[in-house]
**Student:** 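I have a structure I would like to understand better, so I am pasting it below and will then ask my questions one at a time.
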There are 2 protein chains.
Amino acid sequence: MKEVARRAGVALSSVSRVLNDHPDVSDAMRAKVIAAIKELGYQPNLVASSLRRGSTKTVGFVVADISNPLFADITWGAERRLNRAGYSMVLTNSEGDPARDEKMVRLLRRRRVDGLIISLADETRKETIAELKHLEVPIVLIDREVGDLASASAVLADHAEGMRRATELLFDLGHRRIGLIGPSESTRPGRERLAGFKAAHSSRRVGVDWDLVKLGGLSPAFGEAMAHELLNLKDPPSALISAGNLLLVGTLRALHRARVSVGSEISLVSCDDVPLAELYNPPITVVDRNTVEMGEIAAGLLLERLEDPEAKPRVATVPTRLIVRASTAAAR
Amino acid sequence: MKEVARRAGVALSSVSRVLNDHPDVSDAMRAKVIAAIKELGYQPNLVASSLRRGSTKTVGFVVADISNPLFADITWGAERRLNRAGYSMVLTNSEGDPARDEKMVRLLRRRRVDGLIISLADETRKETIAELKHLEVPIVLIDREVGDLASASAVLADHAEGMRRATELLFDLGHRRIGLIGPSESTRPGRERLAGFKAAHSSRRVGVDWDLVKLGGLSPAFGEAMAHELLNLKDPPSALISAGNLLLVGTLRALHRARVSVGSEISLVSCDDVPLAELYNPPITVVDRNTVEMGEIAAGLLLERLEDPEAKPRVATVPTRLIVRASTAAAR
DNA sequence: TTGTATGCGTTATCAA
DNA sequence: TTGATAACGCATACAA
C-alpha cells in the first residue's frame, strides 16, 4: 500500500479510502490510485485489515465427518451463502471425536473467526460447552441442541415427525416387529429419531421391543454389525429402519450376506435420500430432508447476527418428508 | 497479552517468549506467565501473529464441487493431514465455474494463505493460470495438469491405465460397440479416460466410433441425457462406460427409464467405488482409486514445500484399480 | 477532499 | 535471562 501511495503520489490513507470506497474521494484521486494499483498488481493484505478492523470476515465450520455426503451437502450450502456475503469458511473436521470438538473450537477462537457453525460430535460434553461459552461470537448449531448455550442459534431437522410417519407406515403394512438401527442418543438426531419411533408405537398401542433397538453409531461398520445381530435373533424383525445413510450401506451389506431380499422378505426404511436409496433395487423408502438448504439456513442464521449485532439467536426447523418406495411392503 | 504481562509483573516480550517456548526462559518466569494466562483465560491472537510473522499457517483449498463424494473424500484426507501439521484449511467452492476459480484464488491470495491446493474447473483458462502465477506460495494441483506452471506440484490418478483395462475387459467379453460418457477434455480426468479408452481400441485394432463418445459434463443430468441418447441410437452400444460417480447416477436413471437391465442387456462400467456401485444389483464394475489418500498426498506435497522452502515441486501418481463385478457380462 | 499520525496484538532485535 | 521498542499492513480520528 505504501508503494501504491508513492507511485500515485498520494498519502497512504487515500489509498485506503479508495480501496474501501469511502464517500469523500475525488474522481481524480480514485483514478490515480486505481492506476497505481493496476501497475503494481497490488492486492490488499486481509490479515492486516482483519487485525485493524477487529473482524476477520471468516467463519469457522466444525463438522464431524466431511466425507459423509450429508455433511458435504450441508457444507456446500453454507459455504455458498457465506461466500456470497463476503465471508470465508475455515473448515475443520472433528472426526467424530468429542475431544477434538473442543480443540477445534479453541483453535478457531485463536484465529478470531467472526462466527462459528458447528455440528458437535457430542452435545453433552461439558468441556466443549465451556469452550463454546468462552467464544464471544455468534454460534449456529447444526441439528444439535445444547440447553444452556444462550448464544447459539440452530437449524434443526424434524426427524421425530419423519420417523413417526415412517414407523406408522410400517405398522399400516402389518409389521409388528420393527428393528431400529440409529446414531447414539448423545446427539439430537439419535434422540429425535428414537422419539418418533416410540411415538408411533404408542399411538398404535404397541410396546417397543428394546431388543430390536440398536443405537450407538453412524458408520457402515456399525450398521452392518447391528443388522447382523437383528437378523440372527430367534424372532427377527420383519422390518428394519436404518436411520442414517452410512448405516444403510452397512445394513445392505448384512442383508446381502444373509441373502435376505429387501421388500419381499424384509421391509427397509432409511434416512436421507442418497443415490443408493433412489436407485437400489427395489428403491428404498426414506425420510428425507433438504440438506443443502440446512447449510444455507445455518449460514443465514449466522449472517443475520453478524450483520446486526442486536439480533437474537434463533432456531429454524427444517421439515422431513417421507418418500415411500418399494422397499416397504406388506408383512407376510 | 499486555494484561497477562501486567498480571504476571513481567514484560510483554517475556510473555511472547513463553508462548513460543523460546529456549531462554527461566522456570520461574514460565510459571508466573502460565499462571497469569490461566487466570485470565488468555488466548493468543493468531491474526496479529500472522501479520507479524508473515505466515498465516493457513492453506487455501479450492474445489469444484464439495458435494461430490469424491471431493468430499479428498477434502477429508487433506484437512486431516494439514490439521496435524498445524495448518488450517480455508475452503472455497468454485461450483465448477472457471471464472470463480480465478476469483477464489485471488481471494485466497489476499488472505495470505501459505499454500494452495486446487482442483481447477478448467485447466486451460489463461486468466486463472495468470492468477496462479501471481501467487507466490506453493501450489498443489489435484488431478490437473497445467503445462507452464512451474510452481505447482500435483497428485495425479492413473485414469488412462484404469480405463484401458476396463475397456479391454469389455472387448474380452465380446463387446465391440462401447459407449463412453465422461467429463470434458478441459480437465485431466476427461482427457486421460478418453486416452485409455482409445488405447484399448487401438491395441485391439478396433476403430473408435465417435458417435458413441459423449464428453462434456460431470452431473447426473448430463449422464442421464447422454445415456438416453446412446440408448436411442439405431445401433446402440452393448456396453457403457459412465466415467464418473455422478454420471453413473444419471446413467442408471436413464437405464431404468428405458427398462434396460444392467448386466444381462447392457454391460456397465463406472469410475470410483461409491456405495451405489458396490451395492447395486448387479454390483457395478468400477475403476477405483484411493481418494482419501489423494487428499493426504496433496497435503503432503504441500507440506514438504512449506517446511522446506528449497524443496522443488513434485508430481505424485496414484494407481487405479479395476474392480470387476457382475455389471460386466458377455456380449449377447 | 486530502494528509498525518496512532494503534490493532504480535514477534524479533537490541541493549541491559 | 529479561525488558524496551520497532515494525508487520492497514483503517481511522483528527488536522489541514
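Predicted model, so just to flag it, every value in this text is computed and none were measured. In what follows, every heavy atom counts, from backbone to side chain, and hydrogens, waters and symmetry copies are set aside. Reminder, nothing fancy here: chain letters follow the sequence lines and each chain counts from 1.
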**Student:** Is the shortest side-chain N/O distance from A:Ser14 to OP1 or OP2 of C:dT1 below 4.0 Å?
**Tutor:**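 Looking at the OP1 and OP2 atoms of C:dT1, neither is under 4.0 Å from any side-chain N or O of A:Ser14.
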**Student:** Looking at side-chain heavy atoms only, is the closest gap between B:Ile142 and B:Phe61 below 4.5 Å?
**Tutor:**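 Of all side-chain heavy-atom pairs linking B:Phe61 with B:Ile142, at least one is under 4.5 Å.
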**Student:** Across the strands shown, which category fits B:Val47 at heavy-atom distances under 4.0 angstrom: base, sugar-phosphate, nothing?
**Tutor:**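 B:Val47: no heavy atom of the nucleic acid under 4.0 Å.
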**Student:** Rounded to the Å, how far apart are A:Arg6 CZ and C:dT2 P?
**Tutor:**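 Those two atoms, CZ and P, are 20 Å apart.
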**Student:** Go through the structure and list residues passing salt bridge (Lys or Arg N to Asp or Glu O under 4.0 Å) with B:Arg188, not counting sequence neighbours.
**Tutor:**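 For B:Arg188, the residues satisfying salt bridge (Lys or Arg N to Asp or Glu O under 4.0 Å) (neighbours in sequence not counted) are B:Asp143, B:Glu145, B:Glu192.
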**Student:** For A:Glu296, enumerate each residue passing the salt bridge (Lys or Arg N to Asp or Glu O under 4.0 Å) test, keeping only those at least two apart in sequence or located in another chain.
**Tutor:**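 In terms of salt bridge (Lys or Arg N to Asp or Glu O under 4.0 Å), with neighbours along the sequence ignored, A:Glu296 is linked to A:Arg80.
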**Student:** Looking at residues at least two apart in the chain, or sitting in another chain, which of them share a salt bridge (Lys or Arg N to Asp or Glu O under 4.0 Å) with A:Glu102?
**Tutor:**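 In terms of salt bridge (Lys or Arg N to Asp or Glu O under 4.0 Å), with neighbours along the sequence ignored, A:Glu102 is linked to A:Arg106, A:Arg125.
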**Student:** Would you indicate, yes or no, if D:dC8 has its OP1 or OP2 atom less than 4.0 angstrom from a side-chain nitrogen or oxygen of B:Ser50?
**Tutor:**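 Indeed not, no polar side-chain atom of B:Ser50 lies that close.
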**Student:** Between atom CE in B:Met29 and atom C1' in D:dG3, what is the gap in whole Å?
**Tutor:**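 Interatomic distance, CE of B:Met29 to C1' of D:dG3: 9 Å.
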**Student:** Can you list everything that forms a salt bridge (Lys or Arg N to Asp or Glu O under 4.0 Å) with A:Glu304? Sequence neighbours excluded, please.
**Tutor:**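 Scan of A:Glu304 (salt bridge (Lys or Arg N to Asp or Glu O under 4.0 Å), adjacent residues dropped) gives A:Arg314.
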**Student:** Only distances under 3.5 Å count here; give the side-chain donor-acceptor pairs of residues 33-42 of chain B to other protein atoms, sequence neighbours excluded, each with its distance to 0.1 Å.
**Tutor:**
{"from": "B:Glu39", "atom 1": "OE1", "to": "B:Arg7", "atom 2": "NE", "distance (Å)": "2.6"}
{"from": "B:Glu39", "atom 1": "OE1", "to": "B:Arg7", "atom 2": "NH2", "distance (Å)": "2.6"}

**Student:** Could you write nucleotides 7-15 of chain C as a row of B, S and -, 5' to 3', where a protein heavy atom under 4.0 Å of any base atom gives B, of only sugar-phosphate atoms gives S, and otherwise -?
**Tutor:** BBBBBB---
